[in-house]
Amino acid sequence: MNTYKLLTPGPLTTTRAVKEEMLADRCTWDDEYKAITQKIRSQLLNLAGADPAQYTAVLMQGSGTFAVEAVMTSAISDDDKVLIVTNGAYGERIVKMAEYIGLNYTEYKLNYDEHPDEEELRARLHKDPRITHIAMVHCETTTGILNPLELISSLSKEYGKTLIIDAMSSFGGMEIDVQGLGIDYLISSANKCIQGVPGFGFVIAKLEKLAACEGIARSLALDLYDQWKGMDQDGKWRYTSPTHVVAAFSKALDELYEEGGISARFSRYQNNNRLLRERLAQIGIQAYITDDKQSPIITTFLFPSEGFSFEHFYAYIKERGYVIYPGKLTDVDTFRIGNIGEIYEQDIEQLCHIIEEYMGVTAQ
Ligand SMILES: *Cc1c(COP(=O)(O)O)cnc(C)c1O
């Protein structure tokens with residue numbers, strides 16, 4: 001088998017021990033298995049800095065999008081209205097969900113390299129008192145831009161709105177004080193910074209808010225309230241749970257703690273990211289997002305020249321053991337490199353060496 005490491009933002013490179021957890025078959029209604037689910041739920045609250053008396057963690061089958069849609073369909077009623085801040089494809093996906101569900105919504109649409117503006121947000125909240133919810137992506141994986149969580153949290157508190165954060169690609173890799181920030185719903189998934197394999201997403205939800213969501217969902221399978229009510233009894237999933245993925249995720253959580261928790265993982269990711277951007281800048285490959293808005297998760301790079309072929313570049317790097325990501329912008333030619341997962345400084349060094357070679361720059 002041809003193996004390579006993933007420099008993509010999920011699925012990402014996982015440890016052998018995480019993959020090995022999937023070699024056992026587990027029974028969904030067995031007490032030991034249900035205890036794994038309960039342990040995961042309490043570890044997630046711990047990582048979010050959330051008190052179990054005020055927050056709960058609900059796991060939802062499917063990829064991350066399913067968990068985002070579960071929140072959108074379960075937490076926003078027909079009497080509510082949501083302000084969706086977008087500066088990338090994942091924010092736009094939330095808008096699409098709002099369309100499908102038939103939610104009342106308004107979009108604050110920005111360029112992909114732009115942050116939301118405080119005065120503009122205030123003006124929109126002031127002008128439209130029907131707005132009850134605000135939704136925003138934390139790290140827009142489309143470009144790697146990191147959106148201002150403190151700003152949106154403080155405004156949502158000040159104006160008394162329910163805050164929904166898609167922290168899919170950042171949770172576990174960056175400290176997010178969910179309770180301190182007053183986030184009502186934070187969404188992430190198994191195969192991003194916690195370094196598990198794909199198969200489910202999870203929601204850290206404020207109990208007071210979730211408890212008021214009975215009967216709102218327009219979807220049976222994605223009813224977050226029902227999922228919570230079932231799971232909260234004893235860790236039993238409502239429908240078939242992705243047992244192998246759950247076991248692997250539990251191992252991945254243990255490994256996150258062993259590494260030193262989120263702060264240690266953040267340092268590793270940030271170091272990977274800084275090194276990558278510095279080294280590529282030296283050979284004329286520039287990042288699309290400016291340093292002050294750049295996340296430590298994934299970077300979008302501009303093509304270094306007009307005749308540059310991504311397909312050729314991709315194949316060259318893949319042959320040498322790493323897989324990168326195409327760009328997702330329509331107006332500029334770009335490619336992306338993720339630096340999360342079981343990736344260390346020596347991988348970045350190795351990758352930069354391969355790229356330097358490709359570019360005809362002789363290193364050392
Ligand atoms: C990965 C990701 C998602 C979910 O994508 P899936 O393909 O459904 O897992 C949602 N939002 C962001 C910001 C992401 O990075």
Side-chain angles (χ1 to χ4, degrees), residues 6-14 58-73 75 82 84-98 100-101 107 109-110 112-113 115-116 134-149 152 163-174 176 178 183 185-204 219 221-222 224 242 245-246 248-249 252 269 273 288-289 293-300 323-329 334 336-341 343:
L6 297 169
L7 297 173
T8 58
L12 37 64
T13 304
T14 57
V58 187
L59 317 183
M60 178 62 80
Q61 295 95 331
S63 79
T65 303
F66 292 64
V68 177
E69 194 160 336
V71 171
M72 297 303 287
T73 193
V82 57
I84 308 169
V85 178
T86 68
N87 55 358
Y90 291 101
E92 286 164 8
R93 189 177 292 174
I94 297 178
V95 169
K96 206 166 178 183
M97 287 172 194
Y100 267 73
I101 301 164
E107 180 182 0
K109 196 177 174 64
L110 294 140
Y112 281 17
D113 58 353
H115 269 171
I134 302 174
M136 187 182 78
V137 174
H138 182 212
C139 169
E140 244 303 352
T141 323
T142 314
T143 57
I145 194 171
L146 192 66
N147 281 323
L149 206 48
I152 208 83
L163 182 59
I164 299 167
I165 296 293
D166 170 351
M168 205 69 66
S169 60
S170 54
F171 186 76
M174 300 182 70
I176 303 176
V178 176
I183 298 169
Y185 298 94
L186 177 131
I187 308 136
S188 186
S189 76
N191 61 278
K192 302 242 166 142
C193 295
I194 303 206
Q195 299 188 181
V197 302
F200 70 88
F202 55 86
V203 181
I204 316 258
S219 159
L222 295 179
L224 189 70
V245 182
V246 168
F249 187 72
Y269 287 173
N273 187 264
Y288 170 74
I289 297 294
K293 300 192 193 91
Q294 171 66 46
S295 70
I297 308 292
I298 181 170
T299 310
T300 295
V323 155
I324 64 167
Y325 227 37
K328 218 174 178 170
L329 302 179
T334 57
R336 290 178 292 171
I337 299 180
N339 55 264
I340 57 177
I343 297 297

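Just follow the structure's listing: the first ligand is 1, and inside any ligand the first atom is 1. Just so it is clear, the values below take in all heavy atoms, side chains as well, and ignore hydrogens, waters and symmetry mates.
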The single option from N339, T141, T143, I337 passing side chain to side chain contact (heavy atoms under 4.5 Å, CB included) against I298: T141
Nearest-0.5 Å distance that lies between atom CD1 in I289 and atom NE2 in H115: 8.0 Å
Proximal atoms of ligand 1 relative to T65 (non-hydrogen, under 4.0 Å): 4 (C), 5 (O), 6 (P), 8 (O)
Closest protein heavy atom to atom 11 (N) of ligand 1, given as residue, atom name and distance to 0.1 Å: D166 OD2, 2.7 Å
Protein residue, atom and distance nearest to atom 15 (O) of ligand 1, heavy-atom basis: T141 OG1, 2.4 Å
Sub-4.0 Å heavy-atom contact, V137 with ligand 1: yes
Within-shell test, K192 vs ligand 1, heavy atom, strictly < 4.0 Å: yes
Any P198 heavy atom less than 4.0 Å to ligand 1: no
Heavy-atom nearest neighbour in the protein, as seen from atom 9 (O) of ligand 1, with distance rounded to 0.1 Å: G64 N, 3.1 Å
Lys/Arg-Asp/Glu bridge criterion (N-O < 4.0 Å) met for R93, E69: no
Taking every non-hydrogen atom, the tightest pair across P148 and P116: CD-CD, 3.8 Å
Top protein contact for atom 3 (C) of ligand 1, by heavy-atom distance: M168 CG, 3.4 Å
Proximal atoms of ligand 1 relative to S169 (non-hydrogen, under 4.0 Å): 15 (O)
Separation between OG1 of T142 and OH of Y90, rounded to the nearest 0.5 Å: 6.0 Å
Separation between OG1 of T8 and CZ of R336, rounded to the nearest 0.5 Å: 9.5 Å
Ligand 1 contacted by R93 (non-hydrogen, < 4.0 Å): yes
Numbered atoms of ligand 1 (with element) below 4.0 Å of C139, judged on heavy atoms: 13 (C)
Among A89, P9, S63, G62, closest by any non-hydrogen atom to atom 7 (O) of ligand 1: S63
Contact summary for E107 and T86, nearest pair of heavy atoms: OE2-OG1, 2.7 Å
Closest heavy-atom pair and its distance - P198, N191: N-CB, 3.5 Å
